[in-house]
Structure formats: C-alpha cells, structure tokens
There are 2 protein chains.
Amino acid sequence: MRMSQLAQEAGLPTATVKYYLREGLLHEGRLTSPTQAHYDETHVERLRLIRALVGPAGQSIASTRRILAAIADPPSELDLLGIAHDAVTPRYPAELPTDRARQVVEGLGWNSAHCAPSTLGALQEALDGLEAGGFELSDETLERYASAMMVVAADEIAEIPTDSAEAAARFVILGTVLVEPLLLALRRLAQQTASAQRFSGSRQSG
Amino acid sequence: MRMSQLAQEAGLPTATVKYYLREGLLHEGRLTSPTQAHYDETHVERLRLIRALVGPAGQSIASTRRILAAIADPPSELDLLGIAHDAVTPRYPAELPTDRARQVVEGLGWNSAHCAPSTLGALQEALDGLEAGGFELSDETLERYASAMMVVAADEIAEIPTDSAEAAARFVILGTVLVEPLLLALRRLAQQTASAQRFSGSRQSG
DNA sequence: CAATACTGGATAGTTAGACTATCCATGTCA
DNA sequence: TGACATGGATAGTCTAACTATCCAGTATTG
C-alpha cells in the first residue's frame, strides 16, 4: 500500500506518518522508484504500537525511539530489564542522593545492588514528593505496597518467554511501559470500589 | 518574608514564583503597601507541594490548579474520590466505548456502576494499548494484578482520616497522585529483584 | 501523449505548555 | 537622597509534537 492508505489504516494524517518516518520511529517503505514507496502490514502494526506508546503509556517521541530500538536489537536476558528501564526512566539529577531509597529497598529485604541507579532515583523522587505533600507512610504500609507490586513483578518475570531473545525483549520492554497505565487504572477502580464499600453503597457518580 | 526570600527557600527563580502566582497555584501574599507583599511559611509549603505535583507526579499546571482547588474547597466524603480522580484523569474521548473495561471490572467482581466513566475510559485505553503491543493478558493475570492493586487501594481507603473534611480531601487527592510514582518505582525495583533471583545472582548493572 | 492527481522527501510554520526576561512605577533602606 | 529591590504586567524563549507548503518525480486517465 502507499502512504495515504497506510495513514488511513492507522487513523493518522499523512503528515504525522511522515514525521514518524523522519524521527526514525517507523521503518522506511520499500522504494519502487526514487519517489514512490510501498508499505505493508508491519508498518500498520508499528504505527499502532507507536500510538499506544505515545498515547496511554505517555512516552515521548525520544523515549519511544529508544524503546523501539531496544526491541529491534534485543540485548541479552541478563541486562534486558536494565535497558528496558533505562529506556523508559527519565534521567534523574545525578547528584540526587538516594540514601533513603536504598534504605527502603534494603528494609524490604531486597538487594539494592541489584537495582538500577535510575530506578532508585525514581523511588527517591517519589518519596520526596510524598514528603513535600506532608505524607508519611508507615513502614508497614510501604511494605504492603511493595509486596503488592512484587506480586505483579514476579508474575511478569515468570512469564518472560524463553523461546527467543526477540520475544523476551519485546515482552519485557513493552510490558514495562504498557502495563503501567493498566495498573494505575486498576488502582483507581479498586479505590472507587473500596470507597463504595466503606461508605456502604450510595455514592454519586463523579 | 518577601518574594526573593520565598523563592530562595523553595529553590526556585522569582520569575517562576511570579508565574505560579499568576496561574493561581500560589495564594497571594499579604500586601503591606500597594507594591509590596509579605509571604509566610504556608507559601513555602505550597511551593514544595506544587513542585512535587508538577515534578515526580507529572501533573500539568492546569491539573495542579484543579488539585489545589479541590483541596482548598473540600467536597463531601462521598464524592471525594470522584473529584480527585477527575481532577487528575485526562479527558478521554467520550465516544470511546468502554464495553470491555466494564466487562473486565465486572469479571473482577467489582461493580462498574461505582466506577467513574473517566476511570473506565483509562482502563479501556490501557487495554487497547496492550492489545496494540500484541499483549494478551490472561484473566488470571489480570485478576492477580487487580487484587494486588486492591490491597493498595483498600489500605488507602482505610487510612482516610475522619477527623476533618480538609484532612480527608488532602489525603485522598494527594494520595491519588503522589503515590502513583511510588508504586511504579516499587514495581520496577521488584522486577529487578525478581529478575536477579530468576537469573541467579550475577546481572550487570544497567 | 498530455493533463491531472498523487507521492515522498525537504523545509518551514504552528500550537501548547512551562517557564524566563524586561519594564516600570513604586517602596525600602543605608 | 539615591541606589537597589519589589510586585505586577507584558512579552519573549524554548521544547515537543505535530502540521502545512513546496517541489520534483511518478502513476493514471482520457
């Protein structure tokens, strides 16, 4: 198919498709002449993936490019997560001390040596944010949250496909990013459900 | 204190403080003359909160304004969550059908009538995103994720302070937003921990 | 085979969001 | 008194993500 049809299939203006081509998010079509190209189903799928990443998953174009690159050139299983997380985690100021984050991680019985610095930075920022908002989480609460997320994470790690490096990379990298909005939506729905139970039934729709 | 000192306490340029004043995020200082004003500790705290919201919590200025307004003018406990979630959830296209989201919620044994439309929209988008990425979550996996988030949510709902409407509003609204980055960070750390366990020990730092 | 429409690629322009800089008529204080 | 700071208004900057225009080169149609 040609570009206008590709754009139509993906529900995007051709100008946007051209933009994604320029930005290297979408692979080139097969040139049939110096000024004409053909696109196929892989382009349609890629566009859908791009939209999912920059839409619900909230990734930037630059981050999406890194994610797609990591999938296309799969790293070894050993540092898959590191690369996935680094591709996705914004840079934190290197001077941000992560003492408290480390302390929390160790307190949970996890080994902070296994944790990427950028992820520890993210935890530190989250803790700082809560503090700025006047929240203090008890250790027990933090532990409950952490074990809840461990349930999710253990599940995900267990389900990493082992048949091919490509499949594993795709699973880990996309799973990292695409499951985030799912979890946040589930949390809110759970809050609404729990709230309805606590305030026994009648709540106005908000 | 005066503006330059306020800005210094918060670690921000005065131009930014002025901007937040203009945008209505920061309450006015007490005028001591037509062109001079005094600020106090509440302004410093407010600035810290604003930075936490627009920083780690990733909220926009407009969303931050809604959040602060909801805290300042606390709604009843009954529709607190609805307002908190609406203040925070981006608008979803109204025509987006949420059939599947409803079905998932009901399948979890929750009552979709207790769920805000915007939150169902968020769930639907998350599910669509996963599908676009070629993921299919089994019902069991979805259930495990949902119950993990219910652990978190039930905890939060149970801890809503009951002494004052202000305290409750602050807890719910800020908790909704500020805990999100915490959960995402914990999930990644849990993944790294689980991964290290699965691949028995030696993983390069990423 | 000429007229027309469309294509891919390059380049420039737009929009929105979040600041940032400049001005200026007061205040303040050494 | 006079240098400097302040609050408020206004305009400018910067980045990200598109969007519009242009143009030479096909494809297509009568």
Side-chain angles (χ1 to χ4, degrees), chain A residues 1-40 43-44 46-68 87-88 90-91 93, chain B residues 1-40 43-44 46-68 87-88 90-91 93:
Chain A
M1 73 188 78
R2 280 171 290 166
M3 186 182 281
S4 61
Q5 194 187 343
L6 171 63
Q8 192 166 3
E9 298 261 334
L12 291 171
T14 59
T16 303
V17 175
K18 287 181 177 184
Y19 171 62
Y20 291 157
L21 274 169
R22 278 200 307 283
E23 292 294 321
L25 305 189
L26 181 64
H27 46 296
E28 305 266 314
R30 185 173 43 85
L31 280 177
T32 58
S33 83
T35 67
Q36 300 273 291
H38 278 178
Y39 304 90
D40 58 29
H43 295 86
V44 179
R46 174 68 71 93
L47 281 177
R48 281 204 248 274
L49 178 54
I50 293 170
R51 293 310 293 181
L53 289 171
V54 308
Q59 297 300 311
S60 68
I61 296 293
S63 165
T64 300
R65 181 170 32 232
R66 283 197 298 274
I67 290 169
L68 294 172
V88 155
R91 297 276 157 264
Chain B
M1 73 188 78
R2 279 171 289 166
M3 186 181 281
S4 60
Q5 195 186 343
L6 171 63
Q8 191 165 6
E9 298 262 333
L12 291 171
T14 59
T16 303
V17 175
K18 288 182 178 185
Y19 171 62
Y20 291 158
L21 274 169
R22 277 200 306 283
E23 291 296 321
L25 304 188
L26 182 64
H27 47 295
E28 306 267 314
R30 184 173 44 85
L31 280 177
T32 58
S33 83
T35 66
Q36 300 274 291
H38 277 178
Y39 304 90
D40 58 29
H43 294 88
V44 179
R46 174 68 70 94
L47 282 177
R48 281 204 249 273
L49 178 54
I50 292 171
R51 294 308 294 179
L53 288 171
V54 309
Q59 297 299 312
S60 68
I61 296 294
S63 165
T64 301
R65 181 169 34 230
R66 283 197 298 274
I67 291 170
L68 294 172
V88 156
R91 296 278 157 263

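It should be emphasised that the depicted structure is a prediction, and the values quoted were computed from it without experimental measurement. A note on names: the letters A, B, ... follow the listed sequences, proteins ahead of strands, and every chain is numbered from 1.
Comparing A/Arg2 and B/Ala15 by the nucleotide of DNA chain C that holds the closest heavy atom to each, the one mapping nearer the 5' end is A/Arg2. Of the two residues contacting DNA chain C, namely A/Ser4 and B/Ile61, the nearest-nucleotide position lying further toward the 5' end is that of A/Ser4.
First and last contacting nucleotides of DNA chain D toward chain A (any atom under 4.0 angstrom from a heavy atom, 5' to 3' order): D/dA17 to D/dA27.
At whole-Å resolution of the value, CE in A/Met1 and C1' in C/dT7 are 15 Å apart. As rounded to whole Å, 14 Å separates atom P of C/dG17 from atom CD of B/Gln59.
Interface residues of residues 16-39 of chain B facing DNA chain D, ordered by number: B/Lys18, B/Arg22, B/Leu31, B/Thr35, B/Gln36, B/Ala37, B/Tyr39; criterion, heavy-atom separation under 4.0 Å.
Across all strands, A/Thr14 comes closer than 4.0 Å to no nucleic acid atom at all (heavy-atom distances).
With a cut-off of 3.5 Å on both pairing distances, the Watson-Crick and G-U wobble pairs of DNA chain C assemble into stems of 3 or more at C:1-30 with D:1-30.
Contacts classified as side chain to side chain donor-acceptor pair (under 3.5 Å) and involving residues 55-64 of chain B (residues at least two apart or in different chains) are given here: B/Gln59-B/Ser63.
Residues A/Tyr39 and A/Met3 come closest through the heavy atom pair OH-CE, 3.5 Å.
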Can you list, pair by pair, the side-chain donor-acceptor contacts under 3.5 Å of residues 10-27 of chain B, counting residues two or more places apart and other chains?
{"from": "B/Tyr20", "atom 1": "OH", "to": "B/Arg51", "atom 2": "NH1", "distance (Å)": "2.7"}
{"from": "B/Glu23", "atom 1": "OE1", "to": "B/Arg65", "atom 2": "NH1", "distance (Å)": "3.1"}
{"from": "B/His27", "atom 1": "NE2", "to": "B/Thr42", "atom 2": "OG1", "distance (Å)": "3.0"}
{"from": "B/His27", "atom 1": "NE2", "to": "B/His43", "atom 2": "NE2", "distance (Å)": "3.4"}

Carefully, step by step, assess B/Met1 and B/His38 under the rule side chain to side chain contact (heavy atoms under 4.5 Å, CB included).
CA-CA 5 Å; B/Met1 73 188 78; B/His38 277 178; over 6 Å; no
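Residues satisfying the side chain to side chain donor-acceptor pair (under 3.5 Å) test with B/Gln36, not counting sequence neighbours, are none.
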For nucleotides 3-5 of chain C, list the nitrogen or oxygen atoms of the protein found under 3.5 Å from its nitrogen or oxygen atoms, one pair per line.
none

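B/Leu68 contributes atom CG, which lies 5.0 Å from atom CZ of B/Arg46 (distance to the nearest 0.5 angstrom).
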